[in-house]
Amino acid sequence: MVEIYPDAGISGSKSRADRPGLDRMLNDGSHRHFDVVLCWAIDRLGRSLIDLLGTIQQVDQASFEAVGVDLYIDQQSIDTTTPMGKLIFQVCGAFAEFERSMIQQRIHAGLRRAKAQGKVLGRPMGHPICAA
């Protein structure tokens, strides 16, 4: 049986909460309603590898891998039904985790530099949101 989980007109950069088709697919996947997710391109699931990995690694406290659901992405030739595909995906996951760490380091370094230059971070105290 084939099921289509459309999110027509909704950007892949939106969160799971804003994409009802993706949310339903992830819920069905966590309950093992299918064996393989077939997708045209990686950006249909998420805008970046970091987003994609976050989406499929944490499906209601169970990853696709944990419940036995594989992933096939046509344009990028990622096929986790094969040992080579699983290796490629795991290596991509390691790079995505590395990139996430590098982004965090750059953010923290920028905040430290701004503080050292005497910049005040946050909204101005007179801003309506900050007013009590």
Side-chain angles (χ1 to χ4, degrees):
M1 185 173 112
V2 173
E3 178 86 24
I4 297 174
Y5 298 90
D7 273 331
I10 301 173
S11 172
S13 65
K14 298 288 184 184
S15 71
R16 177 179 176 176
D18 297 324
R19 297 178 62 194
L22 176 66
D23 185 55
R24 194 166 56 89
M25 181 197 67
L26 295 174
N27 285 331
D28 286 355
S30 69
H31 293 102
R32 192 77 163 81
H33 291 184
F34 48 78
D35 298 323
V36 179
V37 172
L38 303 171
C39 188
W40 171 250
I42 202 165
D43 65 352
R44 300 299 86 205
L45 288 177
R47 284 293 180 207
S48 69
L49 184 58
I50 291 172
D51 291 339
L52 173 65
L53 290 167
T55 297
I56 68 167
Q57 285 177 345
Q58 195 66 31
V59 182
D60 295 332
Q61 307 305 317
S63 68
F64 274 174
E65 184 178 23
V67 296
V69 173
D70 283 302
L71 178 64
Y72 177 81
I73 303 174
D74 189 61
Q75 288 296 297
Q76 286 76 27
S77 299
I78 295 174
D79 181 0
T80 66
T81 64
T82 68
M84 181 59 83
K86 285 181 183 179
L87 173 66
I88 298 283
F89 199 69
Q90 289 170 351
V91 168
C92 289
F95 279 108
E97 185 176 335
F98 171 74
E99 179 60 20
R100 195 176 306 124
S101 295
M102 294 301 295
I103 290 169
Q104 288 174 341
Q105 277 187 340
R106 288 191 294 266
I107 288 170
H108 292 294
L111 291 171
R112 283 192 304 273
R113 184 178 57 251
K115 284 181 184 178
Q117 292 173 349
K119 295 193 176 163
V120 179
L121 303 177
R123 289 190 176 102
M125 289 304 292
H127 194 278
I129 293 177
C130 296

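Quick caveat: nothing in here was measured; it's all calculated off a predicted structure.
Linking Ile, Leu, Val, Met, Phe, Trp and Tyr residues whenever their side-chain heavy atoms come within less than 4.5 Å leaves Val69 and Leu38 in two separate clusters. Each of Leu26 and Val36 belongs to its own hydrophobic cluster when Ile, Leu, Val, Met, Phe, Trp and Tyr are linked at side-chain heavy-atom distances under 4.5 angstrom.
In terms of modelled atom types and a separation under 3.5 Å, the side chain of Asp23 and the main chain of Arg19 share no donor-acceptor contact. At least one donor-acceptor pair closer than 3.5 Å links the side chain of Arg32 to the backbone N or O of Phe34. Judged by distance alone, the side chain of Asp7 and the main-chain N or O of Leu22 form a donor-acceptor pair under 3.5 Å. Of the possible polar contacts, none joining the Thr80 side chain to the Asp70 backbone as a donor-acceptor pair under 3.5 Å is found.
What you find for Met25 and Val37 is that their closest heavy atoms are SD-CG1, 3.7 Å. Minimum heavy-atom separation, Pro6 to Arg24: CD-NH2, 4.4 Å.
Checked against salt bridge (Lys or Arg N to Asp or Glu O under 4.0 Å), Asp79 has no partners two or more places apart in sequence or in another chain.
Once rounded to the nearest 0.5 Å, the distance linking CD1 of Ile78 with CG of Leu71 reads 7.0 Å. Taken to the nearest 0.5 Å, the OG atom of Ser77 stands 12.5 Å off from the CE atom of Met84. The CD atom of Glu99 sits 10.5 Å away from the CD atom of Gln104 when rounded to the nearest 0.5 Å.
Other members of the cluster containing Trp40 do not exist, because no ILVMFWY side chain is joined to it at under 4.5 Å. Under the 4.5 angstrom side-chain criterion for Ile, Leu, Val, Met, Phe, Trp and Tyr, the cluster partners of Phe98 are Met102.
Other residues, nucleotides and ligands place more than 12 heavy atoms under 6.0 Å from the CZ atom of Arg106. Atom CG of Leu121 is surrounded by more than 12 heavy atoms from other residues, nucleotides or ligands within 6.0 Å.
Under 3.5 Å, the side chains of Tyr72 and Asp74 contain a donor-acceptor pair of N or O atoms.
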